[in-house]
Trainee: 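This structure is in structure tokens; I'll ask about it shortly.
Just so it is clear, the values below take in all heavy atoms, side chains as well, and ignore hydrogens, waters and symmetry mates.
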Amino acid sequence: MTAFSLSPEAAAPRLHVARRTLDRLRAVPALAGRYPQHLDAGSLDRLAQLPPLARDDLNTALAHLEPAADGSATWLFQSGGSTGAPKIGYAPTGFYMAGVHAHWQPLDRTDVFVNAWGAGRMWGAHFLAAALADLSGCRIIALGSVTKDEYGAWLEFLAARRVTAIGGTPSVLRLWFAHARAAGIRLPSLRKVLWLGEAWQPQLDDDLAEVAPGARRWGMFGSTETWVVGTNTPDCRADVFHPLPHQLVHTADDGLLDFTTLDPAMLNPVLRYRTGDAGELTGCPCGRPGPAMRVLGRRDSVVQVRGLGLDVDELVARAERTPGVARAQVVLTERGGRATGVELLVVAAGPAPAPDVERLRTELFTATITLGTAFQHDPGSFRVRPVDELVCNGRTGKTAALVVREES
């Protein structure tokens, strides 16, 4: 069974963009064979018959097309995740945020907004958020990334400036609020927390309750390939987003979401593009009419460990439910493409008693079939190690659930 976020009647006036995108993809020699002439994008039913577009396909298309904006500069950004080699994504000045702001306005002129997404180094979220703040007319503190030793001073500064809003990826926000909580710093004026780039992390709710009890979350969902697909408000579930009218969301029998951009200004040829996220179209508790998109998690969070699938997100979630564990991360060591070991890094939860890492290791090893089977002959190849900080991307400040290291 297939489903779209727009009705045939609502989609019809915008499908000319999908037809144009199909023509652009057909012009790429390496992709032309995927789109024979009998396929078209003239209706939702016809669109559903087109093959999904994967990340490598899109990178191939962009390398050939090299798109450019009509009436502004063309910005080039990294596409493809926080730990991979740069792959190019394109956007015009403004990053399509005027269309987002027309339907979603978490900031207003009275706000003092801290933009805590990492800036520069071909990372787009900082500039995207700056464009949204500019449209709102608020005051902006363009802070970007900070080092571990700087949190205390900056938090005191933000409290003195009576900041009302902050934005960042959830892993970065957790660093801010965990440091504030540990230092006893409160942000009583903070009312809004904007997020994009990762799933909302429930542990943030606990820290916010202590640091900024009046703050509520406002989320965006998207990627550097699709840009912002949908948004939510404090009245929505954290994993439910309302697609923008120019973003067509589709889900099929395999449960994976794909996205088709119906914005004529879009530079990336996004046509049934798959980000790796599973999801469904559903209603939203906020009561807003029309289908909402529930994101169920990334299917590509499953990695191969000695021929078996290890769900990284599930392993991290299990660890972070353990008393005394604030954050966790999986480090996979490989030699010649074969996994030689899995290490779970855990950060203790502030003043709480430190977790018993050996007991946690035993519990995870016996409860996780992949680990118990893959390392049954060398159980010491799975370890749990306490650390002060997880491995993060120094350029973006993001902390991925999985880090892969090549062993010499």
Trainee: If you take all heavy atoms of Pro355 and Pro323, which pair is closest and at what distance?
Mentor: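 Where Pro355 meets Pro323 most closely, the heavy atoms are CB-O, 4.0 Å.
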Trainee: Below 30° counts as parallel, above 60° as perpendicular, anything between as tilted: where do the rings of Trp75 and Phe95 land?
Mentor: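 Trp75 vs Phe95 ring planes: perpendicular.
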Trainee: Please confirm whether the backbone N or O of Gly341 pairs with a side-chain atom of Ser381, one donor and one acceptor, at under 3.5 Å?
Mentor: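 Flag not set: sc Ser381 to bb Gly341 has no pair under 3.5 Å.
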Trainee: Please identify which of these residues, Val163, Ile166, Asp108, meets the side chain to side chain contact (heavy atoms under 4.5 Å, CB included) condition with Lys192.
Mentor: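 With Lys192 as partner, Val163, Ile166, Asp108 yield a single side chain to side chain contact (heavy atoms under 4.5 Å, CB included), made by Asp108.
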Trainee: Can you find a pair of side-chain heavy atoms, one from Val357 and one from Val346, that are under 4.5 Å apart?
Mentor: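 The answer is yes; the side chains approach within 4.5 Å.
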Trainee: Does Arg161 use its side chain to pair, donor to acceptor, with the backbone of Val112 at less than 3.5 Å?
Mentor: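 Between the backbone of Val112 and the side chain of Arg161 there is no qualifying donor-acceptor contact (under 3.5 Å).
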Trainee: Test ring pair (Phe, Tyr, Trp, His ring centres under 6.0 Å) on Trp218 and Phe241; report intermediate values, then the result.
Mentor: CA-CA 10 Å; Trp218 297 76; Phe241 300 84; over 10 Å; no
Trainee: For Asp388, look at atom CG and say whether over 12 heavy atoms of other residues, nucleotides or ligands are found less than 6.0 Å away.
Mentor: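 Check fails, neighbour count at 12 or below.
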Trainee: Let me confirm one number: the CE-CG distance from Met97 to Leu135, rounded to the nearest 0.5 Å.
Mentor: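 Between Met97 CE and Leu135 CG, I get 7.5 Å after rounding to 0.5 Å.
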Trainee: Under 3.5 Å, is there a donor on one side chain and an acceptor on the other for Thr275 and Asp277?
Mentor: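 On atom types as modelled, these side chains qualify, holding a pair under 3.5 Å.
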Trainee: Where do Phe113 and Ala133 come nearest, in terms of heavy atoms and distance?
Mentor: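 Shortest heavy-atom separation between Phe113 and Ala133 comes out as CD2-CB, 3.8 Å.
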Trainee: I'd like to know if the side chain of Thr260 and the backbone of Leu271 have a donor-acceptor N/O pair within less than 3.5 Å.
Mentor: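 No; judged by distance alone, with no hydrogens or angles, the pair does not exist.
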Trainee: Between CH2 of Trp227 and CE of Met266, what distance do you get to the nearest 0.5 Å?
Mentor: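 Reported value, rounded in 0.5 Å steps: 8.5 Å.
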Trainee: For Arg237 and Pro285, indicate whether the former's side chain and the latter's backbone hold a donor-acceptor pair under 3.5 Å.
Mentor: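 Not confirmed, Arg237 side chain does not pair with Pro285 backbone.
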Trainee: Please determine which of Thr373, Leu315, Val342 meets the side chain to side chain contact (heavy atoms under 4.5 Å, CB included) test together with Thr368.
Mentor: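 Result: among Thr373, Leu315, Val342, Leu315 is the only option passing the side chain to side chain contact (heavy atoms under 4.5 Å, CB included) with Thr368.
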Trainee: Taking Asp206 first and then Arg181, would you say they form a salt bridge - that is, a charged N and a carboxylate O separated by under 4.0 Å?
Mentor: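 Not counted as a salt bridge, because no side-chain N and carboxylate O are separated by less than 4.0 Å.
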Trainee: What do you reckon, is CZ of Arg359 surrounded by more than 12 foreign heavy atoms closer than 6.0 Å?
Mentor: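 Count not over threshold, so no.
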Trainee: Can you check whether Leu128 reaches Met220 side chain to side chain, under 4.5 Å on heavy atoms?
Mentor: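 Heavy-atom side-chain distance check passes, below 4.5 Å.
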Trainee: With heavy-atom distances below 4.5 Å as the criterion, would you say the side chains of Leu332 and Val403 are in contact?
Mentor: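 Side chain of Leu332 against side chain of Val403, heavy atoms only: no contact under 4.5 Å found.
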Trainee: Quiz question: by atom type and distance under 3.5 Å, do the side chains of Ser171 and Glu198 form a donor-acceptor pair?
Mentor: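 A donor-acceptor contact under 3.5 Å links the two side chains.
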Trainee: What I'd like to find out is whether the side chain of Asn232 reaches to under 4.5 Å of the side chain of Cys284, using heavy atoms alone.
Mentor: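 No, too far: nothing below the 4.5 Å cut-off.
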Trainee: Once you round to the nearest 0.5 Å, how far does CG of Leu244 lie from OG1 of Thr226?
Mentor: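 Answer for the CG-OG1 pair, Leu244 versus Thr226, is 10.0 Å.
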Trainee: Just by modelled atom types, is the Thr147 backbone N or O under 3.5 Å from a matching donor or acceptor in the Glu150 side chain?
Mentor: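 Yes; at least one donor-acceptor contact below 3.5 Å.
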Trainee: Ignoring hydrogens and geometry, is there a side-chain-to-backbone donor-acceptor pair from Ser7 to Ala10 under 3.5 Å?
Mentor: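 Checking the backbone N and O of Ala10 against the side chain of Ser7, a donor-acceptor pair under 3.5 Å is found.
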Trainee: Mind checking whether Leu132 and His101 have side chains closer than 4.5 Å, heavy atoms only?
Mentor: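 Yes; the side chains approach each other to less than 4.5 Å.
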Trainee: Hey, what do you get for CG (Leu194) to OG1 (Thr231), rounding to the nearest 0.5 Å?
Mentor: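 So the gap between those two atoms works out to 10.5 Å.
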Trainee: Determine whether the side chains of Ser223 and Glu225 contain a donor N or O and an acceptor N or O closer than 3.5 Å.
Mentor: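 Result is yes, a qualifying pair exists.
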Trainee: What are the two closest non-hydrogen atoms of Cys236 and His242, and how far apart are they?
Mentor: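 What the structure gives for the nearest pair is SG-NE2, 3.6 Å.
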Trainee: Could you go through Gln329 and Val391, starting from their C-alpha distance and side-chain angles, then the distance that decides it, and tell me whether this counts as side chain to side chain contact (heavy atoms under 4.5 Å, CB included)?
Mentor: CA-CA 8 Å; Gln329 181 181 54; Val391 180; 3.4 Å; yes
Trainee: Salt-bridged, Asp311 to Arg318, with N to O below 4.0 Å?
Mentor: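 Looking at Arg318 together with Asp311, the answer is no, because their closest N to O distance does not fall below 4.0 Å.
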Trainee: Tell me whether Asp134 contacts the main-chain N or O of Ala130 through its side chain, where contact means a donor paired with an acceptor under 3.5 Å.
Mentor: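 Answer holds: no.
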Trainee: Within a strict 4.5 Å, meaning less than it, do heavy atoms of the Asn115 and Ile141 side chains meet?
Mentor: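 No, side chains not in contact.
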Trainee: Hey, mind stepping through Gln203 and Phe177 against side chain to side chain contact (heavy atoms under 4.5 Å, CB included) and telling me if it holds?
Mentor: CA-CA 10 Å; Gln203 296 86 348; Phe177 294 120; over 6 Å; no
Trainee: Dump the intermediate steps for side chain to side chain contact (heavy atoms under 4.5 Å, CB included) on Val325 and Val347, then the final yes or no.
Mentor: CA-CA 6 Å; Val325 175; Val347 176; over 6 Å; no
Trainee: Are any non-hydrogen side-chain atoms of Thr74 and Pro67 less than 4.5 angstrom apart?
Mentor: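 No - every pair of side-chain heavy atoms lies 4.5 Å or more apart.
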Trainee: Measuring only between side-chain heavy atoms, which start at C-beta, is Leu22 closer than 4.5 Å to Arg20?
Mentor: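 When only atoms from C-beta onward are counted, Arg20 and Leu22 do not touch, as no gap falls below 4.5 Å.
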Trainee: With no hydrogens and no angle check, is any side-chain donor or acceptor of Arg19 less than 3.5 Å from a backbone partner on Asp40?
Mentor: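 Checked: no pair found.
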Trainee: Which heavy atom of Tyr96 sits nearest to which heavy atom of Leu267, and what is that distance?
Mentor: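 Taking every non-hydrogen atom into account, OH-N, 3.0 Å.
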Trainee: The test is side chain to side chain contact (heavy atoms under 4.5 Å, CB included); show your working for Trp176 and Leu143 and say whether it passes.
Mentor: CA-CA 12 Å; Trp176 278 102; Leu143 198 56; 3.4 Å; yes
Trainee: Does the salt bridge (Lys or Arg N to Asp or Glu O under 4.0 Å) test come out yes or no for Asp205 and Arg216, once each step is laid out?
Mentor: CA-CA 9 Å; Asp205 296 319; Arg216 305 183 75 189; over 6 Å; no
Trainee: For the atom pair CZ (Arg217) and CH2 (Trp195), what is the distance rounded to the nearest 0.5 Å?
Mentor: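 It comes to 6.5 Å.
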Trainee: Write down the atom of Ala48, the atom of Phe4, and the distance for their closest heavy-atom approach.
Mentor: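 Heavy atoms only, the tightest pair is CB-CZ, 4.0 Å.
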Trainee: Check whether any side-chain N or O of Thr340 sits under 3.5 Å from a backbone N or O of Thr333 as a donor-acceptor pair, and report yes or no.
Mentor: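 Here the side-chain-to-backbone pair exists.
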Trainee: Does Arg383 reach the main-chain N or O of Leu344 with its side chain, forming a donor-acceptor pair under 3.5 Å?
Mentor: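 No; zero donor-acceptor contacts below 3.5 Å.
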Trainee: So, are Glu320 and Arg174 salt-bridged, with charged N and O less than 4.0 Å apart?
Mentor: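 Salt bridge present between Glu320 and Arg174.
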Trainee: Let's go through Phe157 and Trp154 carefully: what are the C-alpha distance in whole Å and the side-chain angles of both, what is the deciding distance for ring pair (Phe, Tyr, Trp, His ring centres under 6.0 Å) to 0.1 Å, and is it a yes or a no?
Mentor: CA-CA 5 Å; Phe157 172 79; Trp154 276 115; 5.5 Å; yes
Trainee: Is Asp70 atom CG crowded by more than 12 heavy atoms from other residues, nucleotides or ligands, each under 6.0 Å away?
Mentor: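 Counting other residues, nucleotides and ligands, CG of Asp70 stays at 12 neighbours or fewer.
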Trainee: Mind listing the closest non-hydrogen atom pair of Pro51 and Leu39 along with its distance?
Mentor: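 Nearest heavy atoms, Pro51 then Leu39: CD-CD1, 4.3 Å.
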Trainee: Is it true that Arg191 and Asp111 make a salt bridge, defined as a side-chain N closer than 4.0 Å to a carboxylate O?
Mentor: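 Salt bridge present between Arg191 and Asp111.
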Trainee: Are more than 12 heavy atoms, taken from residues, nucleotides or ligands other than Leu296, located less than 6.0 Å from that residue's CG atom?
Mentor: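 Above 12, so yes.
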Trainee: Knowing that exactly one of Leu25, Asp57, Val28 qualifies, which makes a side chain to side chain contact (heavy atoms under 4.5 Å, CB included) with Arg34?
Mentor: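 Going through Leu25, Asp57, Val28 one by one, the side chain to side chain contact (heavy atoms under 4.5 Å, CB included) with Arg34 is satisfied by Asp57 alone.
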Trainee: In Å, rounded to the nearest 0.5 Å, how long is the span from CG of Leu390 to OG1 of Thr399?
Mentor: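 It comes to 6.0 Å.
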